Structures are given as C-alpha cells and as structure tokens.
Amino acid sequence: MANEHSPIESVFLKSALLLRDCPNDDIPEVAFAGRSNAGKSSTINCLTGSKKLARVSKTPGRTQLLNFFDSNAGGRLVDLPGFGYARADRNKQIEWQKAVDNYLERRKSLVGLVLIMDSRHPLRQFDSDMIEWTERQQMNLLVLLNKSDKLKQSQRSSCVRVVNEAIKNCVQAQAILFSALKGTGVSEARSYIRTMWKAVENPI
C-alpha cells in the first residue's frame, strides 16, 4: 500500500504549449520549475520511481512544452520548460517563457510549485524571480537543492541557510537538500508534494 513517502506513481497525460491545449483545469497540480541544468527531469523521475517518465538528456533544455502527468496520489505533476538553455533559438525561448507565464498566472488548479536548484549555484536570477512570484501569489513552495551530494557538509549547511533566508517571507515554503543521484531528501519531498495536493479543500 502506498504511503506518503512512497513513489508518486504517474503516467504521461499530454503536452501543451498554449493554455487552451492543457488538460481540464479541474485537478490539483504541482508544477516543477528550474534552470535547464538543475536536473529537473531526473528529479521528477526520482520522485515518481520511473526512469523514463520525464525525458532525461545530457543536453540541457530538452523540455520545450508543458508536460502533464497524472498520478495515483490525487493530483497532477506538471513539468515546465527549463530556463536558461543558451543554445535554444531566442524566439523559442520567448515562446517557452510566454507559455510558462500564462500557465503560472492563469491556471486555477495550480496549488504548489517545486523549484529545483543546483545546490552548487543557488539563487540565480530565475530562482529569485520564482520565489518572489510564489510570495506574491501566496503559493506553496518546495525548494529542492539538487546535486547536494557534490557539496561538503559545511557547504550544504550554508546553502540551506542562504535559501531559507530567501524564502522566509513565503506563506508556506520549505527547502530540502536533495540528490536525484543518491536519493537524498526524496521521501521528504514526496510527502510535501502530497501535502500540497491534500491542502486543497475544495478542488475546482
């Protein structure tokens, strides 16, 4: 039997670029955002217990659409296009950013955001912008400090301290040391995501 720490088993539902092509806006959704080299796809696969659910590539920035996944835990996961992929055509980058902005601002069923950072380089401009957005929207926020296995203990403590300071004004936020490679923080992250779904008392 599944518990709050077990894999969030999920299946691919559909991809979309325009808001009108997204699934019905009636099931609580938790969206995943992060810079293109933060390990977003690997993180999603780790949390869901699937090696192939989200496309993993040695080339960052392969997520170019809003990808929706149905889970068995009462909500959806949404993989947002990665930010900062320098090789992408400028017009494509603008198109992706517009799709993300429209989704974040207009999606009624969005109940939480998972922000994935490379713990070696936390709080880049994109990260700070997303934190400020969740603060304004009073949105649930889970920050996963990925690749923490590459840091020394003192560096891990410093990273958590700096990020906790950055999210202190968010209404409901938590930062977790995470490693998609080693499994650090996975159980805690799964539990937090389930909590964000369950917090919706009156689903749309």
Side-chain angles (χ1 to χ4, degrees), residues 1-10 28-56 60 63 67 69 71-80 82-84 110-124 126-128 130-131 133-135 139-199:
M1 176 179 289
N3 58 53
E4 64 178 2
H5 301 294
S6 62
I8 304 173
E9 295 181 6
S10 304
E29 294 175 347
V30 170
F32 287 72
R35 289 180 57 82
S36 59
N37 60 351
K40 181 162 54 66
S41 295
S42 297
T43 296
I44 292 173
N45 289 341
C46 184
L47 295 174
T48 58
S50 170
K51 294 181 179 180
K52 298 181 179 180
L53 187 67
R55 185 175 182 180
V56 178
T63 303
N67 293 314
F69 304 95
S71 84
N72 65 348
R76 288 193 192 116
L77 304 176
V78 185
D79 186 8
L80 304 179
F83 177 83
L110 178 62
V111 298
L113 182 73
V114 179
L115 178 58
I116 301 162
M117 297 185 201
D118 185 332
S119 59
R120 299 168 298 177
H121 312 288
L123 298 175
R124 294 291 180 90
F126 171 82
D127 304 322
S128 297
M130 294 306 298
I131 290 171
W133 180 84
T134 57
E135 182 180 339
M139 178 74 63
N140 288 309
L141 174 65
L142 173 62
V143 179
L144 297 183
L145 302 170
N146 196 22
K147 306 182 183 182
S148 63
D149 55 288
K150 300 181 183 297
L151 297 180
K152 296 178 181 179
Q153 182 57 47
S154 60
Q155 293 174 314
R156 294 173 193 164
S157 299
S158 175
C159 180
V160 171
R161 182 170 62 252
V162 169
V163 174
N164 276 335
E165 176 66 21
I167 65 176
K168 66 180 182 181
N169 293 323
C170 294
V171 62
Q172 187 68 39
Q174 184 172 348
I176 299 174
L177 285 169
F178 192 86
S179 171
L181 179 64
K182 300 293 186 180
T184 305
V186 172
S187 293
E188 191 175 359
R190 288 169 175 167
S191 176
Y192 197 91
I193 290 169
R194 285 184 165 96
T195 298
M196 288 194 281
W197 281 332
K198 292 176 182 178

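As the structure is a computational prediction, the values presented were derived from the model and not from experiment. Numbers for residues simply follow the sequence, beginning at 1. Excluded from the calculations below are hydrogen atoms, water molecules and symmetry mates; all remaining heavy atoms, backbone and side chain alike, are included.
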request  = For the pair S158 (side chain) and S154 (backbone), establish whether a donor and an acceptor sit closer than 3.5 Å, ignoring hydrogens and angles.
outcome  = no
Is any side-chain heavy atom of [Y] closer than 4.5 Å to one of [X]?
X: I44; Y: K40; value: yes
X: L77; Y: V114; value: no
X: I8; Y: W197; value: yes
X: F69; Y: L53; value: yes
X: R190; Y: L47; value: yes

Can I get a per-line list of side-chain donor-acceptor pairs under 3.5 Å for residues 141-150, giving both atom names and the distance, sequence neighbours left out?
unit_1	atom_1	unit_2	atom_2	d
N146	OD1	A180	N	3.2
N146	ND2	A38	O	2.9
K147	NZ	N37	O	2.8
S148	OG	F178	O	2.8
D149	OD1	S179	OG	2.7

query = To the nearest 0.5 Å, how far apart are CD1 in I116 and OG in S42?
reply = 9.0 Å
task = Give, for atom CZ of F32 and atom CD1 of I193, the distance between the pair rounded to the nearest 0.5 Å.
result = 4.0 Å
ask   = Can you check salt bridge (charged side-chain N to carboxylate O under 4.0 Å, His left out) on D118 and R35, steps first, answer last?
value = CA-CA 8 Å; D118 185 332; R35 289 180 57 82; over 6 Å; no
task = State, to 0.1 Å, how close D127 and H121 come at their nearest heavy-atom pair, and which atoms those are.
result = OD2-O, 4.4 Å
ask   = What pair of heavy atoms forms the shortest contact from K51 to N45, and how long is it?
value = O-ND2, 3.3 Å
Enumerate donor-acceptor pairs with a distance under 3.5 Å from any side-chain N or O in residues 166-176 to protein atoms, sequence neighbours excluded.
unit_1	atom_1	unit_2	atom_2	d
K168	NZ	E165	OE2	2.6
Q174	NE2	E188	OE2	2.6

key: ring-ring contact (aromatic ring centres under 6.0 Å, His included) against Y192, all qualifying residues, sequence neighbours excluded   = none
ask   = Would S6 and R194 satisfy side-chain contact (heavy atoms from CB on, under 4.5 Å), going step by step from the backbone distance to the final call?
value = CA-CA 10 Å; S6 62; R194 285 184 165 96; 3.4 Å; yes
